[in-house]
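Just so it is clear, the structure is predicted and the values come from calculations on it, not from any experiment. For reference, positions follow the sequence shown, starting with 1. All ligand and atom numbering here is 1-based and tracks the order in the structure.
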Amino acid sequence: MLSRIDVITLFPEWVHGLRELGLTGRAIADGRVELHCWNPRDHAAGAHKSVDDRPYGGGPGMVMRPEPLAQAIEAAKLAGVPARVGCLTPQGRRLDQAAVRALAGRERLILVCGRYEGIDERVVEALVDEEWSIGDCVLSGGEPAAAVMIDAVLRLVPGVLGHELSAEQDSFSGGLLDCPHYTRPESWRGLDVPPVLLSGDHARIERWRRAQAIERTRQRRPDLHDEAGLSEPERDKR
Ligand code: 4FV
């Protein structure tokens with residue numbers, strides 16, 4: 001079970017902010033999961049303690065220098081049980097709920113956050129075991145991506161959500177998108193809650209929610225719908 005997360009970042013304050021926020025924040029604040037930050041700038045030599053430099057071959061922007069970053073990664077690795085080093089990058093494997101479940105099952109995560117145009121590729125070759133992407137968009141740094149991963153993983157740590165059931169009923173838990181949710185009032189701006197949800201007939205409510213999840217998945221994510229291995233009746237219930 002996950003007990004520690006180490007983040008290599010030039011902006012530790014960005015990551016420490018996670019402690020303050022919501023359920024996942026409380027998991028860190030309660031010490032259920034330790035969160036540690038390692039700043040390459042603390043390992044940068046010279047008067048300017050520079051952590052970035054111009055790209056070989058020219059082009060815009062800067063690249064994170066190998067040595068300070070490598071020393072920060074190595075210091076993090078030595079600070080706890082052995083763990084795979086992950087780097088957040090658009091070039092990584094797309095993070096999905098199956099991956100989140102697997103990451104939540106590990107004892108420790110070490111996450112490298114790039115800035116500028118990225119990190120020197122030799123650090124990836126020498127010290128990074130896996131690369132993760134939170135989606136085909138370009139962020140200003142790996143920290144927002146690490147925050148997405150950390151939040152998603154912490155939700156699955158026992159005791160964090162307060163009622164484990166909700167993790168099981170999550171979107172993607174059964175490979176489907178989630179059903180719609182409603183709360184009071186029964187009628188809002190002329191829009192009414194579907195009567196089935198007021199029926200008290202839990203079996204019928206469960207069937208309705210699953211039918212909604214299947215239909216939404218079919219319309220919005222045909223890729224997931226095809227993968228969901230639905231039975232014929234469910235597949236064809238239009
Ligand atoms: C990213 C993503 C991402 C690229 C250059 C940081 C930025 C900058 N990370 N999923 N999408 N990273 O855009 O993980 O260094």
Side-chain angles (χ1 to χ4, degrees), residues 2 4-18 21 24-25 28 33 35-44 48-77 83-106 108-156 170-172 221 223-224:
L2 189 66
R4 181 178 171 135
I5 301 174
D6 293 82
V7 181
I8 288 87
T9 171
L10 290 170
F11 298 100
E13 60 280 10
W14 213 110
V15 176
H16 286 312
L18 293 172
L21 308 170
T24 51
I28 299 166
V33 175
L35 178 63
H36 300 266
C37 288
W38 306 80
N39 190 336
R41 203 172 291 283
D42 300 338
H43 301 268
H48 307 293
K49 286 188 155 304
S50 67
V51 293
D52 63 328
D53 203 338
R54 288 177 293 105
Y56 275 118
M62 300 292 270
V63 175
M64 286 182 78
R65 296 179 53 230
E67 192 52 29
L69 181 57
Q71 288 186 20
I73 294 171
E74 287 159 343
K77 289 178 76 166
R84 290 171 64 77
V85 174
C87 182
L88 286 301
T89 167
Q91 285 74 46
R93 172 188 161 189
R94 176 71 68 80
L95 186 71
D96 60 14
Q97 197 62 12
V100 167
R101 277 195 291 271
L103 291 163
R106 297 183 185 172
R108 183 181 178 212
L109 302 180
I110 300 176
L111 304 176
V112 177
C113 299
R115 278 274 156 177
Y116 317 111
E117 299 310 307
I119 71 177
D120 188 295
E121 189 63 22
R122 293 167 290 183
V123 175
V124 177
E125 284 156 28
L127 292 166
V128 171
D129 302 302
E130 55 195 24
E131 295 174 284
W132 295 100
S133 170
I134 56 106
D136 296 344
C137 56
V138 181
L139 308 170
S140 61
E143 288 79 7
V148 166
M149 180 186 276
I150 292 169
D151 185 86
V153 165
L154 286 177
R155 285 182 77 256
L156 302 186
D170 265 349
S171 296
F172 313 109
R221 292 292 306 276
D223 56 317
L224 290 177

Rounded distance [0.5 Å steps], [atom1] in [X] versus [atom2] in [Y]:
X   : Y    : atom1 : atom2 : result
L2  : L156 : CG    : CG    : 10.0 Å
L69 : L10  : CG    : CG    : 8.0 Å
L18 : C37  : CG    : SG    : 8.5 Å
L95 : I134 : CG    : CD1   : 8.5 Å

| field | Name of the residue among N39, V112, I150 meeting side chain to side chain contact (heavy atoms under 4.5 Å, CB included) with V7 | value | I150
| For V153, the option from L109, V33, T24 that meets side chain to side chain contact (heavy atoms under 4.5 Å, CB included) | L109
| said: Please check this pair: side chain of R65 against backbone of D53, looking for a donor-acceptor N/O pair closer than 3.5 Å. | reply: no
Ligand-side contact atoms (ligand 1) for residue partner [X], heavy atom cut-off under 4.0 Å:
X    : value
G142 : 6 (C)
G114 : 15 (O)
W132 : 14 (O)
V138 : 13 (O)
G135 : 11 (N)

What residue and atom, counting heavy atoms only, is the protein's closest point to [atom], and at what distance?
atom                    : answer
atom 12 (N) of ligand 1 : P90 CD, 3.7 Å
atom 5 (C) of ligand 1  : Y116 O, 3.5 Å
atom 9 (N) of ligand 1  : T89 N, 3.4 Å

Please say whether [X] places an N or O atom under 3.5 Å from an N or O atom belonging to ligand 1.
X    : answer
R115 : yes
I134 : yes
L139 : yes
C137 : yes

| Taking 4.0 angstrom as the limit, do R94 and D96 come out as a salt bridge? | no
| Region of S133 engaging ligand 1 - heavy atom pairs below 4.0 Å | both
| task | Show the numbers, then the answer: is there a side chain to side chain contact (heavy atoms under 4.5 Å, CB included) between L88 and L139? | result | CA-CA 10 Å; L88 286 301; L139 308 170; over 6 Å; no
